[in-house]
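A quick write-up on the structure given underneath.
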Amino acid sequence: MIGIALLAIGLVLIIEGLVYALAPSLVEQLLEALRALPEEQRRMLGLAALALGVFLVWLAKSLGA
């Protein structure tokens, strides 16, 4: 269980690091766009990302990961 959690955290850090390394100006533009959204829309976006993440983890586990 701990191994899977470490794997997941490592994969997130790899993807985050790639985004910041390859397109830092794009990250700044994305943050500005997020600031322009009302708080409720940001909350809904976060909940949608959370639901998608839970679904992907469930799918991966059901496929044997």
Q: Mind jotting down which residue pairs meet the side chain to side chain donor-acceptor pair (under 3.5 Å) criterion with at least one end in residues 39-50? Sequence neighbours excluded, please.
A: Glu39-Arg43, Glu40-Arg43
Q | Side-chain heavy-atom pair Glu16, Val19 within 4.5 angstrom cut-off | A | no
Q | Trace of the side chain to side chain contact (heavy atoms under 4.5 Å, CB included) decision for Leu34 with Leu37 | A | CA-CA 5 Å; Leu34 284 172; Leu37 289 176; 4.1 Å; yes
**Q.** side chain to side chain contact (heavy atoms under 4.5 Å, CB included) partner of Ile9, the single match among Leu13, Leu7, Val12
**A.** Leu13
Contacts under 3.5 angstrom, residues 49-63 side chains, donor-acceptor by atom type, not counting sequence neighbours:
unit_1: Ser62; atom_1: OG; unit_2: Trp58; atom_2: O; d: 3.4
unit_1: Ser62; atom_1: OG; unit_2: Leu59; atom_2: O; d: 2.8

Q. Excluding sequence neighbours, so at least two apart, what forms salt bridge (charged side-chain N to carboxylate O under 4.0 Å, His left out) with Glu28?
A. none
